[in-house]
Amino acid sequence: MDAPRFRFAPSPTGSFHIGGARTALMNWALAKRLGGTFILRIEDTDEARNRPEWTEGIIEALAWLGISSDDPAFEGPYFQSQYAQQHIDAAQRLFETGHAYYCDLTSEQIQDRAKAEGSQGYGGWSRDAGLGPGPGRVLRFRVPAGTTTVHDAVRGEVQFDNATIEDFVLLRGNGSPMFLLANVVDDLTMRVSHVIRAEEHLPNTPKQQMIWEALGHAAPTWAHVPVLVNEQRKKISKRRDKVALESYRDEGYLAPAMVNYLMTLGWSPRGGTEIVPWQVIEDEFRLEDVNHSPAFFDLKKLAAFNGEYIRALSPDEFATAAEPWLAQWRATHPTAVWDQQRFVAMAPFVQPRATTLAEAPGVVDFLFLPQPEFDEAGLAKALATEGAAALVADSIEAFGTCPWQADAINAAFTAVAERHGLKMGKAQAPVRVAVTGRTVGPPLFESLELLGRDETLRRLRALPPSVHVS
RNA sequence: GCCCCCAUCGUCUAGUGGCCUAGGACACCACCCUUUCAAGGUGGCGGCACGGGUUCGAAUCCCGUUGGGGGUGCCA
């Protein structure tokens, strides 16, 4: 048995579909585990050919998912358009062997005729006309009588009555090959052994299989995995849903989290947990274990996965992963003074509070800004509390002398709170707003330690005059 | 219209005739922890679409119904 050859054949559209990402991942997992090959074939159109960046985008997206073109298991990219002549040659062979015939009926004529017969679609009217090639004539496949059985690795045997399949077009009136034909011919010339794709392609599988057989080859192993759907249970589409993998990447979802989540849609690893490293997926993924029903792409669950992956990062890894968003934040906050060490020190407190990397800067911005960005409503509320001004004043005094270390600051402030007869939760509110600008955020005393005594005092002192304390 | 696929908690799934008074995860709720918010811990809510078979026994097999989805181009 030769090593299996899997093919992933996206058509470039300017963005990479998450559904495509999932099938790519499945192909990749199998290719890696079985020592086979992952073939990237770009189903390029005229438009795509003029936009090489679209193809680059696909390769980038795959690389982000961990499907690297540098990996020995990776082959391609190939471009369908380069094989046009072979598609035409194959069509010619099909014609010569009687598997296909020319038809000179126009779409309108076909419609009229079907209407007259009270039927639908093309009725094979030119089958025995004995026509040769000519301008305006299409080449149609002569669908044989009988049934076509598709052996699907996910669904088992699926039978199609050939009588329900009309003689479909192989070559257009202008001689150019149809996608269906091109696809089969490419799979054949690339010696593809497994075709794993979304379920929406199942209905045209018998057509492809018939072409394989007419060309003298046994069909590959088919596998149709369930589609991804939205809340309305409709196939997720570019029009209605957020399907671009890039948008998730840009929002700060980690690639391993995305990969892991995508793979749990329609499949699950053995053992108790579904959060598993890629290696486990590669070792355990089996087509036979894939579910048959559509899966809802649940953003909330994706977020939960992402949170887990973020928390699992070391502080340094987190800082590195978040860097693009931190850089962006710096660019939009020119007055900020960045301190990488301070950010890394803060990381353990921001990681449990961020579901995406994009949220990271917002949690710690006060550490780097010359002035915190105040949440006005929260500020007003915290300071409106009975005795807030006095508490802040006492805090300033206590913070001026206590050792500048989280525990000590905590102790000092606890004493102040007690003197005011306040619980920690209440007491810290004015200080938190004064220093961080918000009523919620990372642990206060650790934040103060990192901010520094001078800056903490400065912000506390700056507070009363700048606000109207009632 | 015709063809095809699908059907376990709200969602993603485990389950391949007895281990199922159906397990886990996300979400939700409660409690605990706690300097806020998170995170974490504990617990709770909640499901085999329906009807017939087959069988000693069915979430698991068969048939039907209903309900969803997909396909059906001289698109890719």
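Just so we're on the same page: letters track the sequence lines, and every chain starts at 1.
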**Q** For A:D186 and A:Q80, does a side-chain donor sit closer than 3.5 Å to a side-chain acceptor?
**A**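 Yes, A:Q80 and A:D186 have a side-chain donor paired with an acceptor closer than 3.5 Å.
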**Q** Write down the distance separating the C1' atoms in B:G70 and B:G23, rounded off to the nearest Å.
**A**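 To the nearest whole Å, 32 Å.
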**Q** To the nearest Å, give me how far apart CG (A:L181) and P (B:A76) are.
**A**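 Roughly 11 Å, once rounded to whole Å.
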**Q** Base, sugar-phosphate or nothing for A:L202? Non-hydrogen atoms, less than 4.0 Å.
**A**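 The residue A:L202 makes sugar-phosphate contact but no base contact.
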**Q** Heavy atoms from C-beta onward define the side chain here; which of B:C12, B:U36, B:C74 lies closest to that of A:P443?
**A**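 Of the candidates, B:U36 comes closest.
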**Q** So is A:K242 actually on top of A:Y248's ring, under 6.0 Å and inside 45° of the axis?
**A**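 Geometry flag: set, cation within 6.0 Å and 45°.
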**Q** Measure from CZ on A:F296 to P on B:C6 and round the result to the nearest Å.
**A**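 The distance from CZ of A:F296 to P of B:C6 comes to 22 Å, rounded to the nearest Å.
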**Q** Which nucleotide, B:C12, B:C6, B:U35, lies nearest any side-chain atom of A:S293?
**A**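 Looking only at side-chain atoms, A:S293 lies closest to B:C6.
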**Q** To the nearest 0.5 Å, tell me how far A:T355 OG1 sits from A:K300 NZ.
**A**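 Result: 12.0 Å between the selected atoms.
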**Q** How long is the line joining NZ of A:K238 and C1' of B:A76, in whole Å?
**A**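 About 13 Å, once rounded to whole Å.
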**Q** B:C37 pairs with which nucleotide, Watson-Crick or G-U wobble, both distances below 3.5 Å?
**A**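 Across any shown strand, B:C37 pairs with none.
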**Q** Could you state the atom-to-atom distance from CZ of A:F445 to P of B:U35 in whole Å?
**A**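 Taking atom P of B:U35 as the reference, CZ of A:F445 is at 9 Å.
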**Q** Counting any heavy atom closer than 4.0 Å, what does A:R155 reach on the DNA or RNA strands: base, sugar-phosphate only, or nothing?
**A**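 Sugar-phosphate contact only.
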**Q** Between A:F349 and A:E199, name the one whose nearest nucleotide on RNA chain B is closer to the 5' end.
**A**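 The residue closer to the strand's 5' end, by nearest nucleotide, is A:E199.
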**Q** With rounding to the closest Å, how many angstrom separate the P atoms on B:C5 and B:G44?
**A**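 Per the computed distance, 41 Å lies between those P atoms.
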**Q** Using Watson-Crick or G-U wobble geometry with both distances below 3.5 Å, tell me the partner of B:C56, or none.
**A**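 Pairing partner, where one exists within any strand: B:G18.
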**Q** Would you state whether a donor and an acceptor, one from the side chain of A:R353 and one from the base of B:C37, lie under 3.5 Å apart?
**A**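 Yes, the side chain and the base share a sub-3.5 Å donor-acceptor pair.
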**Q** From the options B:G24, B:G71, B:G73, select the nucleotide whose nearest atom is closest to the side chain of A:P203.
**A**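 My answer, after comparing the listed nucleotides, is B:G71.
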**Q** Please classify the nucleic acid contact of A:N183 as base, sugar-phosphate, or nothing, using heavy-atom distances under 4.0 Å.
**A**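 Counting heavy atoms under 4.0 Å across all strands, no contact is made by A:N183.
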**Q** Check every atom of B:U35, B:C4, B:G1 against the side chain of A:V158 and return the nucleotide holding the closest atom.
**A**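 So the side chain of A:V158 is nearest to B:C4.
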**Q** For the C1' atoms, the ones on B:C48 and on B:G10, what distance do you get once it is rounded to whole angstrom?
**A**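 Straight-line distance between the two C1' atoms is 16 Å.
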**Q** Given the P atoms of B:A30 and B:A39, what is the spacing between them in whole Å?
**A**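 Approximately 14 Å lies between the P atom of B:A30 and that of B:A39.
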**Q** Does A:R438 come within less than 4.0 Å of A:D375, counting only side-chain N to carboxylate O?
**A**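 A salt bridge is absent here (no side-chain N lies under 4.0 Å from a carboxylate O).
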**Q** Using a heavy-atom cut-off of under 4.0 Å over every strand shown, decide if A:E108 touches base, sugar-phosphate, or nothing.
**A**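 Answer is nothing: A:E108 stays at 4.0 Å or more from every strand.
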**Q** Within the modelled atom types, does a donor on one side and an acceptor on the other bring the side chain of A:K301 and the base of B:A27 under 3.5 Å apart?
**A**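 Answer no: no donor N or O sits under 3.5 Å from an acceptor.
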**Q** How far does the P atom of B:G15 sit from the matching atom of B:U72, given to the nearest Å?
**A**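 That atom pair is separated by 33 Å.
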**Q** A:H201 has a side chain; which of B:U35, B:G71, B:A76 sits nearest to it?
**A**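 Closest nucleotide to the A:H201 side chain: B:A76.
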**Q** Would you please confirm or rule out a distance under 4.0 Å between OP1 or OP2 of B:C12 and any side-chain N or O of A:K300?
**A**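 It does not, given that no N or O in the side chain of A:K300 lies less than 4.0 Å from OP1 or OP2 of B:C12.
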**Q** Using the P atoms only, state how far B:G18 lies from B:U34, rounded to an integer number of Å.
**A**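 B:U34 and B:G18 have their P atoms separated by 47 Å.
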**Q** In whole Å, measure the gap between the P atoms of B:C61 and B:C6 for me.
**A**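 B:C61 and B:C6 have their P atoms separated by 12 Å.
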**Q** Who does B:A7 pair with, Watson-Crick or G-U, both distances under 3.5 Å?
**A**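 Here B:A7 is engaged in a pair, and the nucleotide opposite it is B:U66.
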**Q** A:E200 near the nucleic acid: base, sugar-phosphate alone, or nothing, with a heavy-atom cut-off under 4.0 Å?
**A**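 Sugar-phosphate contact only - A:E200 comes under 4.0 Å of backbone atoms but never of a base.
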**Q** If you look at every strand shown and take non-hydrogen atoms under 4.0 Å, does A:G121 touch a base, only sugar-phosphate, or nothing?
**A**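 Nothing: the residue A:G121, judged by heavy atoms under 4.0 Å, touches no strand.
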**Q** It should be established whether A:R233 places a side-chain nitrogen or oxygen under 4.0 Å from OP1 or OP2 of nucleotide B:C12.
**A**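 The answer is yes; a side-chain N or O of A:R233 sits under 4.0 Å from OP1 or OP2.
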**Q** Looking only at atom C1', what distance separates B:A49 and B:U60, rounded to whole Å?
**A**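 Approximately 16 Å lies between the C1' atom of B:A49 and that of B:U60.
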**Q** Of the nucleotides B:G1, B:C4, B:U35, which has the atom closest to the A:R432 side chain?
**A**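 Minimum distance to the A:R432 side chain belongs to B:U35.
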**Q** Nearest to the side chain of A:D298 - B:A25, B:C6, B:U11?
**A**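 Shortest atom-to-atom distance from the side chain points to B:U11.
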**Q** Considering non-hydrogen atoms only, spot the tightest contact between A:E199 and A:H292 and give its length.
**A**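 Closest approach of A:E199 to A:H292: OE1-O, 4.4 Å.
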**Q** Whole Å only: how far is the CG atom of A:D289 from the P atom of B:C12?
**A**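 Spelled out: CG on A:D289 to P on B:C12 is 18 Å.
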**Q** It should be established whether A:H292 places a side-chain nitrogen or oxygen under 4.0 Å from OP1 or OP2 of nucleotide B:C6.
**A**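 Yes, A:H292 has a side-chain N/O under 4.0 Å of OP1/OP2 on B:C6.
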**Q** To the nearest 0.5 Å, how far apart are NE2 in A:H194 and OG1 in A:T221?
**A**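 Atom-to-atom, A:H194:NE2 and A:T221:OG1 are 4.0 Å apart.
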**Q** When you check the gap from the basic side-chain N to the acidic O, do A:R49 and A:D46 get nearer than 4.0 Å?
**A**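 Salt bridge: yes.
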**Q** OP1, OP2 of B:U8 versus side-chain N and O of A:N291: anything below 4.0 Å?
**A**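 So the side-chain polar atoms of A:N291 never come under 4.0 Å of the phosphate oxygens OP1 or OP2 of B:U8.
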**Q** What nucleotide among B:A76, B:G1, B:G71 has an atom nearest to a side-chain atom of A:M178?
**A**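 For the A:M178 side chain, the nearest candidate turns out to be B:A76.
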**Q** If you look at every strand shown and take non-hydrogen atoms under 4.0 Å, does A:G173 touch a base, only sugar-phosphate, or nothing?
**A**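 It contacts base atoms.
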**Q** Can you find a pair of side-chain heavy atoms, one from A:F141 and one from A:V143, that are under 4.5 Å apart?
**A**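 A side-chain contact exists here, since the closest heavy-atom pair is under 4.5 Å.
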**Q** With both distances kept under 3.5 Å, what pairs with B:C2, Watson-Crick or G-U wobble?
**A**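 Partner of B:C2: B:G71.
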**Q** Can you figure out which of B:C2, B:U35, B:A76 approaches the side chain of A:T164 most closely?
**A**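 Between B:C2, B:U35, B:A76, the one nearest the side chain of A:T164 would be B:C2.
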**Q** At less than 4.0 Å, is any side-chain N or O atom of A:K234 found next to OP1 or OP2 of B:G69? Yes or no.
**A**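 For A:K234, the contact criterion (side-chain N or O under 4.0 Å from OP1 or OP2 of B:G69) is met.
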**Q** Determine the contact category for A:A295: base if any of its heavy atoms lies under 4.0 Å from a base atom, sugar-phosphate if only primed atoms, P, OP1 or OP2 are that close, otherwise nothing.
**A**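 Sugar-phosphate, no base atom in range.
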**Q** Scan A:L105 against the nucleic acid and name what it touches under 4.0 Å (heavy atoms): base, sugar-phosphate only, or nothing.
**A**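 Base contact - A:L105 has a heavy atom under 4.0 Å of at least one base atom.
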**Q** Watson-Crick or G-U wobble partner for B:G46, using a 3.5 Å limit on both distances?
**A**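 WC or wobble partner does not exist here.
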**Q** Measure from the side chain of A:R311, starting at C-beta and using heavy atoms only, and say which of B:C12, B:A14, B:A39 lies closest.
**A**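 Shortest atom-to-atom distance from the side chain points to B:A39.
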**Q** How long is the line joining CD of A:Q111 and P of B:C74, in whole Å?
**A**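 Rounded to whole Å, this separation is 10 Å.
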**Q** Establish, with yes or no, whether the OP1 or OP2 oxygen of B:C74 is under 4.0 angstrom from a side-chain nitrogen or oxygen of A:R137.
**A**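 No, outside the criterion.
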**Q** For RNA chain B, whose closest nucleotide is more 5', that of A:N410 or that of A:L302?
**A**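 Its nearest nucleotide being more 5', the pick is A:L302.
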**Q** Would you mind reading off the distance between A:Q208 atom CD and B:C3 atom P, rounded to a whole angstrom?
**A**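 Rounding to the nearest Å, CD of A:Q208 and P of B:C3 are 21 Å apart.
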**Q** For A:P226, which contact category applies under a 4.0 Å heavy-atom criterion: base, sugar-phosphate, or nothing?
**A**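 Answer is nothing: A:P226 stays at 4.0 Å or more from every strand.
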**Q** With a sphere of 6.0 Å drawn around CD of A:Q82, does it hold more than 12 non-hydrogen atoms of other residues, nucleotides or ligands?
**A**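 Yes, because the 6.0 Å sphere around CD of A:Q82 holds more than 12 heavy atoms from other groups.
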**Q** Relative to A:F399, does A:R453 satisfy both conditions: NZ or CZ under 6.0 angstrom from the six-membered ring centre, and within 45 degrees of the ring's axis?
**A**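 Here A:R453 fails the 6.0 Å and 45° test against A:F399.
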**Q** Expressed in angstrom and rounded to an integer, what is the separation of A:L228 atom CG from B:C6 atom P?
**A**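 So the CG-P distance, A:L228 to B:C6, works out to 17 Å.
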**Q** Heavy atoms only, 4.0 Å cut-off, all strands: where does A:Q159 land among base, sugar-phosphate and nothing?
**A**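 Sugar-phosphate contact only - A:Q159 comes under 4.0 Å of backbone atoms but never of a base.
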